[in-house]
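Naming convention: chains lettered A, B, ... in sequence-line order (proteins, then strands); numbering from 1 in each chain.
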Amino acid sequence: MEVANIRRKRDGRITIKAGSKAEALMVSTLMILAVLTMIGFLLFDYSGLELKKAISETGNNLKTMFLEPALTHFSWGEAIYQVGITVGLAFLATVLGAVISIFLALFAATNLSNEWVSKVIRIFVAVIRAVPTVLWVLIFAIAAGLGSEAAIIGMLFHSIAYLVKAYSEVFEEVDEGTLEALRATGSNWWHIVMHGVIPSTLTYLMSWTFLRFEINFSVAVAMGAAAGAGGIGFELFMASGFYFDLREVGMITYAILVVAIILEIISTRLKNRYFPSQ
Amino acid sequence: SEGSAGADGKEEADDVIDIVWYPNESGSDMKSSRDEIGKIIEEKTDKKVEHHLTTDYAIAIETLVNNNADLAFMGAQGYVEANQKNDAIQPLAVPTGPSGTLDDAVYHSWLAVNVDDQENYKEDGEYAFDTIEDKKMSFVSNSSTSGFKVPSASIIDHFSSKEVYADLAEEDLMEGGELFSQVLFGNSHQGSAVNLLSGNADVAAFCDTCVENYVEVAEGEENKQGSVYKVKEDAAEPFNKVTGSEFTLISVTPVLNAPFVANKDVIGQEDFDKLQALFTSDEVANNEQIFVPEESGESGLFFKTDKERFSEVEDSWFDPIRELSN
Amino acid sequence: MSLLKVVGLDKSYHSNFRVLTDINFEVDTGEFVSIIGPSGAGKSTLLRCINRMVEVNEGKILFGDLDVGNLSKKALRKLRTNIGMIFQHYNLVPRLTVIENVLHGRFGYKTTLQGILGKFTEKEKEHAFFLLEKLGISDHAYKRCDQLSGGQQQRVGIARALIQEPKLVLCDEPIASLDPNSSKVIMDHLKAITSELNITCLVNLHQVDVAINYSDRIIGLNQGEIVFDGPSQMLTEGRINSIYGTETRQFITV
Amino acid sequence: MSLLKVVGLDKSYHSNFRVLTDINFEVDTGEFVSIIGPSGAGKSTLLRCINRMVEVNEGKILFGDLDVGNLSKKALRKLRTNIGMIFQHYNLVPRLTVIENVLHGRFGYKTTLQGILGKFTEKEKEHAFFLLEKLGISDHAYKRCDQLSGGQQQRVGIARALIQEPKLVLCDEPIASLDPNSSKVIMDHLKAITSELNITCLVNLHQVDVAINYSDRIIGLNQGEIVFDGPSQMLTEGRINSIYGTETRQFITV
Amino acid sequence: MNDIMIRKRKWQFTIFLIIMIAATYASSIITDFNALHGITTFPAALYWIFSNMLISQETLTRLPSILDKLLETIFMSIAATTTAAVISMFLGLMGSTTTRVNRAFSSLARFTASISRNIPVVAWALILLLSFGQNSLTGYLALFVGSIGFLTRVFIETIDEASQSSVEALRATGATYFQIVNKAVIPQCLPLLISWILFMIETNIRSATLVGILTGTGIGYTFDLYYKSMNYNVVALVTFSIVITVIIIELLSNYIRKVIL
Ligand SMILES: Nc1ncnc2c1ncn2[C@@H]1O[C@H](COP(=O)(O)OP(=O)(O)OP(=O)(O)O)[C@@H](O)[C@H]1O
Ligand SMILES: Nc1ncnc2c1ncn2[C@@H]1O[C@H](COP(=O)(O)OP(=O)(O)OP(=O)(O)O)[C@@H](O)[C@H]1O
Ligand SMILES: [Mg+2]
Ligand SMILES: [Mg+2]
């Protein structure tokens with residue numbers, strides 16, 4: 001029996017896909033990425049690489065690092081202290097960044113702000129985000145001298161740029177009706193923000209902030225060392241680049257890993273305790 | 001990091017002497033020397049000393065240039081650049097050679113090849129630069145005096161007389177394709193040497209003092225072209241994987257010792273003079289924390305074999321290096 | 001004098017399409033007026049013009065002796081405290097408690113700082129509980145709003161409007177998302193507001209039968225124009241068809 | 001021989017709480033059986049036991065001559081192709097087209113590879129269209145499922161079950177999320193399945209009146225036990241109360 | 001009247017604030033951070049930017065080699081992301097409660113993700129550099145390992161959120177595990193998965209600068225070379241080209257996201 005509405009391909013077979021633009025775009029995105037990946041592998045500069053040797057050496061190195069970790073150039077107490085510095089750098093950059101970003105994001109959210117202000121902020125943060133963190137750190141190290149200020153302000157720039165984007169997108173998802181209802185009670189802008197927008201987005205804001213904290217921790221490892229603020233990254237850099245001490249690199253990696261996992265656990269706990277999603 | 005003052009330290013910058021250390025001198029094995037230098041400065045000036053360690057050369061130099069630090073210990077090349085950007089930066093003192101004078105205040109920049117390949121780098125029985133064309137080259141880092149600036153200047157000097165390489169510039173040596181087939185950076189002198197010995201590079205640049213703990217002369221004299229060095233059997237990392245391997249020096253260039261430099265605008269003439277007197281005193285020369293007796297086996301910033309000490313130095317002493325950059 | 005007077009109101013969102021054309025009507029204190037009309041007729045727009053959630057193009061809206069179109073920002077906030085609003089989707093802040101949502105109705109009386117800190121007087125809080133009690137949901141006062149059923153949420157919406165101590169309440173399809181039982185509860189409450197508290201109610205409705213049952217007077221809108229305005233008894237079958245256009249009407253009752 | 005036979009079925013999710021206790025019943029080919037009972041009585045669990053979406057603790061389920069509890073993985077897949085299932089929330093893949101969702105019902109007949117590649121024969125596709133046509137939604141065949149109304153989505157769910165060419169269809173509250181009109185359409189379709197295609201239907205329902213109207217036979221569950229099993233005419237008011245417990249019943253009808 | 005609940009919540013919030021303030025204070029002590037000093041340096045920083053970071057005519061001659069390296073970085077980031085995405089897809093399927101085969105695999109997948117995410121990419125770069133030396137593959141691997149951690153985590157969350165219901169329905173039709181994954185799970189998650197992949201590519205291009213500096217590959221290497229020789233004009237040019245690239249890629253992926261989500 002022939003039914004109406006059947007779509008057929010040229011060869012007479014029945015189509016079952018809707019053939020929407022979204023679908024086509026998804027498929028072509030994936031295809032293009034696959035092709036680019038292959039081109040990438042062909043283009044890579046493999047000079048000086050003996051894959052087999054490198055892999056077995058990596059295996060050996062990893063074994064030395066993780067199975068025989070040891071600290072030779074400094075003590076355990078020192079290691080914990082240094083990780084503490086790195087965490088501190090990341091934490092300050094995140095907290096300061098979060099506070100500043102909340103305000104900027106309110107003005108960057110199209111539903112809370114005027115179109116032009118929002119555009120200007122968005123373009124501004126997009127540019128800041130695109131500049132490598134190292135450069136920000138360098139600039140502030142030059143201006144402020146070596147120390148934590150340079151590292152934190154350098155990371156702060158990126159944190160703000162990242163969080164403003166994330167926060168403002170969260171704010172934009174607030175139900176327009178809720179805002180309208182508050183406006184209709186005679187609330188002013190600040191009332192609406194404090195009692196409508198922030199409470200209904202708090203969990204998302206927290207999630208993004210914690211995610212950024214994780215990123216900042218990772219960045220602080222490198223940036224603390226470069227900016228002269230110290231931290232475990234400095235020890236890592238010395239151990240791998242100057243002493244070539246794999247055992248110490250292993251131990252430092254463990255220290256970083258332990259702290260990172262503890263932070264993850266704490267942040268999940270905090271989030272669930274103070275800002276439950278249900 | 002170390003020597004951190006209270007949170008209020010920075011406001012009274014005048015009462016603080018900030019010293020910047022390069023990665024080379026930032027290791028914990030040199031901590032006792034660093035701390036000792038800090039201590040004697042504190043005693044002399046009644047000011048607080050803050051040490052700043054960084055992994056980044058550019059940041060170190062720029063900090064001094066932009067009046068955010070008082071003192072730094074940096075390679076001759078670093079000094080020349082810093083001085084060019086800000087002429088308030090002046091050399092305070094330079095460690096001398098065994099003679100106790102500036103005459104031998106040098107160390108050596110080497111170009112080395114693996115001993116088995118050494119014949120390939122000779123022309124008519126003599127080592128010749130022509131042979132390193134299209135080889136895999138390893139430098140230390142492009143901010144290193146003896147591991148890049150000095151050797152690259154000699155190389156450019158040699159090749160620019162040829163027509164094809166008339167426009168050869170320092171930047172062309174930083175990446176493969178121009179003169180070398182590939183350029184690696186070891187990020188440290190040890191790293192550069194290991195690049196050579198492990199076969200990743202054909203030719204490597206590094207300096208004598210930086211690897212002296214790991215190698216010994218196997219053939220010929222110290223610091224002579226054609227001499228062969230051998231990695232000690234008990235060499236520490238990173239040489240532990242290449243113990244026993246040998247390399248030949250195809251070029252040896254003396255390099256001026258690294259100075260302590262000061263930013264006079266920040267530190268002030270008075271303190272500059274005080275510190276210069278301090279550094280060049282016999283007291284410092286005999287301080288075993290700073291000039292560690294070689295036979296003690298301890299580690300430190302400087303070693304004492306004979307009459308080593310700090311000596312005052314004129315800016316013009318660095319002119320040979322300055323000329324390399326032009 | 002009438003509480004609300006709309007004179008020659010014109011409104012268009014885009015220059016080429018008029019949503020409301022020459023609207024004129026008056027509402028007295030304590031009246032319960034329903035506005036009916038097909039989808040897109042401009043019912044919601046009309047309500048939003050009254051408390052100036054959208055700007056009017058032509059004409060005047062007088063609330064008491066205030067010209068709504070001519071108010072300063074501050075005076076506008078003051079006006080809005082006098083006009084409560086109730087929405088189809090309740091528009092509560094879902095993560096906050098019932099009582100907090102009710103107290104939001106007091107912001108119009110607060111300075112920025114008081115509002116940000118969330119300072120409410122004991123009297124206000126007691127009033128809020130009194131209203132919740134009256135609406136039969138005081139048990140849920142400390143629950144989060146997203147844990148309530150639709151009918152309960154709408155009652156929170158009503159409490160929020162009432163705590164403003166308004167003279168006029170605007171309701172935009174207050175029962176469109178509710179099941180019949182909850183709808184009845186809500187409409188009874190709205191009716192009680194006018195009769196007991198003497199507050200005027202202006203209600204957009206889709207359900208003609210509900211409108212006829214509850215309201216004193218009905219305004220019929222079609223394509224932005226008032227096509228009927230009179231007591232609910234006068235809304236005959238024929239007039240209903242003229243408001244909705246026959247074919248549309250059929251669609252709606254399915 | 002009966003199509004489905006449940007003997008002494010016991011089921012508990014946690015060791016300390018029995019959800020189903022000693023369930024015994026038989027269903028014949030072409031019967032339309034409704035299962036009613038209060039929330040938590042174990043209706044959904046019972047259906048899920050039949051096609052072994054959950055494992056049984058005690059007792060036997062015989063489908064034809066197969067012992068459901070004793071099947072290999074492969075045989076279980078085969079069994080499931082013979083039993084269609086329809087859900088309260090339709091459980092379609094929202095971003096896929098209607099026709100794709102319907103064809104998902106054929107996976108039981110495919111090898112993994114065929115299924116992954118999405119190879120369907122022309123005959124299967126035509127059959128899918130035929131079913132959509134019969135259910136009155138072939139216009140929407142190329143729409144994404146999340147663009148359909150609830151009633152339309154449920155019809156896609158039915159088509160997916162029917163294309164399996166099942167002998168038995170299990171329906172877990174197929175109309176609980178639907179408005180009265182769509183509910184009628186769906187129940188009519190289910191009824192038609194038994195009468196026209198001679199497929200057995202086992203339907204969980206909350207609406208007693210619907211159950212009485214449509215089914216040949218009703219099974220009443222309460223706290224995991226069968227408290228009624230008989231023709232729908234025999235379900236008197238008193239028996240209904242015994243199934244639901246009087247006070248619960250009142251709550252449900254509100 | 002009983003407002004214990006509200007009190008409790010206010011209390012909890014106050015405690016949270018106190019914890020945060022205490023942690024901030026502790027952090028500034030341990031890192032020796034002086035906010036005032038930091039803020040007062042902004043003018044100097046701006047001044048430095050405008051007096052040093054100037055792109056001159058002469059530096060433009062280096063553009064071809066910069067673009068060359070930039071291309072390497074882009075390819076490196078894309079390759080690292082896509083290959084990591086393939087692995088993460090498996091880990092994600094194993095880790096998600098909706099699709100996991102059994103509990104042990106699920107924990108294993110989550111654990112793997114946690115390890116590779118929590119070891120900073122910098123550490124990976126330094127570790128890999130030791131044995132792989134200075135070539136594109138090192139940079140690629142560093143990004144690859146970091147991407148696996150992040151992607152696996154978000155993939156698990158995405159798959160978890162995809163409705164369990166259609167999985168159940170397909171199981172009831174007699175579909176096999178792979179059919180279910182392929183026809184119910186992936187179609188539902190694909191737009192989000194692609195969106196995360198695009199996000200990861202962006203992120204990787206940003207971190208490629210840092211990774212490049214450490215491993216001597218791609219644009220990061222170029223950046224580092226000129227930066228170390230303090231040729232800030234070229235650094236400005238490099239930065240500018242990174243900025244442009246990142247912004248173009250961001251716009252592109254925003255567009256794709258808008259269409260597919
Ligand atoms: N913010 C807006 N911007 C542009 N046009 C709008 C806006 N709001 C409404 N409109 C248009 O104005 C007209 C009237 O809309 P309105 O919402 O007032 O109708 P309604 O009678 O409330 O309909 P419904 O019964 O569907 O709620 C419609 O054509 C609508 O598309
Ligand atoms: N996956 C599960 N794990 C544990 N307990 C369950 C599970 N599914 C159901 N139960 C419990 O089994 C009992 C019966 O649940 P079931 O869903 O079968 O009831 P029902 O009759 O379908 O109820 P409803 O009308 O609400 O759908 C309930 O107490 C329920 O809490
Ligand atoms: Mg409306
Ligand atoms: Mg159920």
| said: Checking E:F33 against A:L89 for the side-chain contact (heavy atoms from CB on, under 4.5 Å) test, could you report, in this order, the C-alpha distance in whole Å, the side-chain angles of both residues, the deciding distance, and whether it holds? | reply: CA-CA 9 Å; E:F33 176 66; A:L89 294 174; over 6 Å; no
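- Between chain E and the options A:L33, A:L43, A:I256, heavy-atom pairs under 4.5 Å are most frequent for A:L33.
- Contact annotation for A:L156: neither backbone nor side-chain heavy atoms come within less than 4.5 Å of a heavy atom of chain E.
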| said: Checking E:T24 against A:L92 for the side-chain contact (heavy atoms from CB on, under 4.5 Å) test, could you report, in this order, the C-alpha distance in whole Å, the side-chain angles of both residues, the deciding distance, and whether it holds? | reply: CA-CA 6 Å; E:T24 308; A:L92 283 175; 3.5 Å; yes
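- For chain E, the option among A:V95, A:L135, A:I252 with the highest count of heavy-atom pairs below 4.5 Å is A:L135.
- Proximity to chain A is limited to the side chain of E:T209, based on heavy atoms less than 4.5 angstrom apart.
- Of the listed residues E:I49, E:V121, E:I197, the one with more heavy-atom pairs under 4.5 angstrom with chain A than any other is E:I49.
- With chain A as partner, the option from E:E72, E:M53, E:R153 having the largest number of non-hydrogen pairs under 4.5 angstrom is E:R153.
- Under the side chain to side chain donor-acceptor pair (under 3.5 Å) criterion, the residue pairs touching residues 75-88 of chain E are A:T37-E:T82, E:T81-E:N204, E:T83-E:Y140, E:S88-E:T152, with sequence neighbours excluded.
- Neither the backbone nor the side chain of A:L263 comes within less than 4.5 Å of any heavy atom of chain E.
- Heavy atoms of E:Y47 lying under 4.5 Å from chain A are absent altogether.
- Shown here is A:F124, whose CZ atom has no more than 12 heavy atoms of other residues, nucleotides or ligands within 6.0 Å.
- The side-chain heavy atoms of E:L190 and A:M26, taken from C-beta on, include a pair separated by under 4.5 Å.
- At a threshold of 4.5 Å between non-hydrogen side-chain atoms, the residues A:F91 and E:T31 do not count as touching.
- Using a 4.5 Å cut-off between heavy atoms, E:I201 touches chain A through its side chain atoms alone.
- There is no contact between E:P43 and chain A, counting heavy-atom distances below 4.5 Å.
- Between chain A and the residues E:L46, E:V235, E:I194, the most heavy-atom pairs under 4.5 angstrom are made by E:I194.
- Residue contact with chain A, scored on non-hydrogen atoms closer than 4.5 Å, is absent for E:Y25.
- In this structure, A:I215 CD1 and E:F150 CZ are separated by 6.5 Å, a value rounded to the nearest 0.5 Å.
- Counting heavy atoms from C-beta outward, E:L210 and A:T133 have side chains that stay 4.5 Å or more apart.
- Remark: A:I261 pairs with A:L257, A:I265, E:S114, E:N118 by the side-chain contact (heavy atoms from CB on, under 4.5 Å) rule, at least two apart or across chains.
- Looking at A:I153, only its side chain comes within 4.5 Å of chain E, counting heavy atoms on both sides.
- Within the 4.5 angstrom heavy-atom criterion, no atom of E:A85 approaches chain A.
- Proximity to chain A at a heavy-atom threshold of 4.5 Å picks out E:T239, E:I242, E:V243 from residues 237-245 of chain E, in numerical order.
- Chain E forms the most heavy-atom pairs under 4.5 Å with one residue out of A:L96, A:T29, A:I152, and that residue is A:I152.
- For the pair E:S27 and A:V87, the minimum side-chain heavy-atom distance is 4.5 Å or more.
- With respect to chain E, the highest number of heavy-atom pairs below 4.5 Å among A:M223, A:M38, A:K21 belongs to A:K21.
- Put simply, CG on A:L25 and CD1 on E:I260 are 6.5 Å apart, with the number rounded to the nearest 0.5 Å.
- Contacts classified as side chain to side chain donor-acceptor pair (under 3.5 Å) and involving residues 215-230 of chain A (residues at least two apart or in different chains) are given here: A:T94-A:N216, A:S159-A:N216, A:R212-A:N216.
- Per-residue counts of heavy-atom pairs under 4.5 Å with chain A were compared for E:T40, E:V246, E:I256; the largest is that of E:I256.
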| query | Does the pair A:F41 and E:F75 meet the rule for a side-chain contact (heavy atoms from CB on, under 4.5 Å), with working shown? | reply | CA-CA 8 Å; A:F41 278 117; E:F75 277 121; over 6 Å; no
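- Proximity to chain E involves both the backbone and the side chain of A:V131, based on heavy atoms less than 4.5 angstrom apart.
- Interatomic distance, E:D32 CG to A:I85 CD1, rounded to the nearest 0.5 Å: 9.0 Å.
- Between atom CG of residue E:L71 and atom CD1 of residue A:I39 there is a gap of 9.5 Å, rounded to the nearest 0.5 Å.
- Across E:A79, E:G38, E:A35, the residue that shares the most heavy-atom pairs under 4.5 angstrom with chain A is E:A79.
- Other residues, nucleotides and ligands contribute more than 12 heavy atoms inside 6.0 Å of the OH atom of A:Y254.
- In terms of heavy-atom pairs under 4.5 Å with chain E, the best-connected choice from A:E23, A:E214, A:R129 is A:R129.
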